Amino acid sequence: QVQLVESGGGLVQAGGSLRLSCAPSPRTFRSAQMGWFRQAPGKEREFVARINWSGGSIDYTDSVKGRFTISRDRAKNTVYLEMNSLKPEDTAVYSCAASSLVFTRASMVGYWGQGTQVTVSS
């Protein structure tokens with residue numbers, strides 16, 4: 001059974017940075033598309049970013065453009081989300097996602113991580 005294992009969440013002050021990592025288990029699992037969603041309390045799950053296997057196709061939701069960077073290390077089969085200039089409104093549980101589809105909706109995702117909490121204090 002495939003699992004997506006996330007790490008890197010935590011508490012940070014506004015303006016700070018965090019880096020999230022996501023790797024599949026087993027490491028031999030490969031997915032054409034990987035990325036991140038987030039869900040804040042009382043809100044629906046929201047698409048954040050997506051990257052394809054080669055790294056040549058990347059997509060972000062508008063609210064994180066210019067602040068977040070998604071990348072993929074194919075040798076380590078790991079996806080990263082570098083989050084800079086964090087704002088209190090970025091506070092959410094961030095979940096890693098994998099799919100054969102070019103996804104922007106949760107319904108298009110085949111595999112999910114358990115989620116990691118990111119809290120940005122003002």
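None of the values given here were measured: they were computed from a predicted structure.
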Considering only NZ, NE, NH1 and NH2 on the basic side and carboxylate oxygens on the acidic side, decide whether Lys87 and Asp90 come within less than 4.0 Å. no
Taking all non-hydrogen atoms of both residues into account, name the closest pair between Glu6 and Tyr94 and its distance. OE2-O, 3.9 Å
List the atom of Trp112, the atom of Ser95, and the distance in Å for their closest heavy-atom pair. CE3-CB, 4.0 Å
Sequence-distant partners of Arg72, salt bridge (charged side-chain N to carboxylate O under 4.0 Å, His left out), two or more places apart: none
Quiz: residues 74-82 side-chain donor-acceptor pairs under 3.5 angstrom, not counting sequence neighbours:
| unit_1 | atom_1 | unit_2 | atom_2 | d |
| --- | --- | --- | --- | --- |
| Asn77 | ND2 | Arg27 | O | 2.8 |
| Asn77 | ND2 | Phe29 | O | 2.7 |
| Thr78 | OG1 | Lys76 | O | 3.0 |

Does NZ or CZ of Arg50 fall inside the cone over Trp36's six-membered ring, less than 6.0 Å from its centre and within 45° of the axis? no
When every non-hydrogen atom of Ser17 is compared with those of Asn84, the smallest separation belongs to OG-OD1, 2.8 Å
Less than 4.5 Å apart, any side-chain heavy atom of Val118 and any of Leu18? yes
For Asn52 and Ser57, indicate whether the former's side chain and the latter's backbone hold a donor-acceptor pair under 3.5 Å. yes
Under a plain distance cut-off of 3.5 Å, with no hydrogens placed, do Glu89 and Thr91 share a side-chain donor-acceptor pair? no
Gln33 side, atom CD; Ser31 side, atom OG - distance, nearest 0.5 Å: 7.0 Å
Do Met34 and Val2 belong together in a cluster built from hydrophobic side chains that touch within less than 4.5 Å? yes
What closest approach, in Å, do Ser122 and Ala14 show between heavy atoms, and which atom pair accounts for it? CA-CB, 4.4 Å
When you look at CD of Gln114, are more than 12 heavy atoms from neighbouring residues, nucleotides or ligands closer to it than 6.0 Å? no
Taking atom CG of Leu4 and atom OG of Ser25, what is their separation to the nearest 0.5 Å? 9.5 Å
What pairs of donor and acceptor atoms, side-chain ones from residues 97-109 against any protein atom, are under 3.5 angstrom apart with sequence neighbours left out?
| unit_1 | atom_1 | unit_2 | atom_2 | d |
| --- | --- | --- | --- | --- |
| Ser99 | OG | Leu101 | N | 2.9 |
| Ser99 | OG | Met108 | O | 2.7 |

With ILVMFWY side chains joined below 4.5 Å, transitively, what does Leu11's cluster contain besides itself? none
Residues two or more places apart in sequence or in another chain: which of them pass ring pair (Phe, Tyr, Trp, His ring centres under 6.0 Å) with Phe47? Phe37
So, does Arg67 use its side chain to make a donor-acceptor pair with the main chain of Ser85 at under 3.5 Å? yes
Rounded to the nearest 0.5 Å, the CD atom of Gln13 sits from the OG1 atom of Thr119 at a distance of 13.0 Å
Just to verify, which of Val48, Ile70, Thr116 counts as forming a side-chain contact (heavy atoms from CB on, under 4.5 Å) with Leu20? Thr116
For a side chain to side chain contact (heavy atoms under 4.5 Å, CB included) check, start with the C-alpha distance between Tyr60 and Ile51, then their side-chain angles and the critical distance, and finish with the verdict. CA-CA 9 Å; Tyr60 298 99; Ile51 187 169; over 6 Å; no
Minimal heavy-atom distance between Ala92 and Gln117, with the atoms involved, is O-NE2, 3.5 Å
Return yes when atom NZ of Lys43 has more than 12 non-hydrogen atoms of other residues, nucleotides or ligands closer than 6.0 Å, and no otherwise. no
Linking Ile, Leu, Val, Met, Phe, Trp and Tyr through side-chain heavy atoms less than 4.5 Å apart, which residues share a cluster with Val5? none
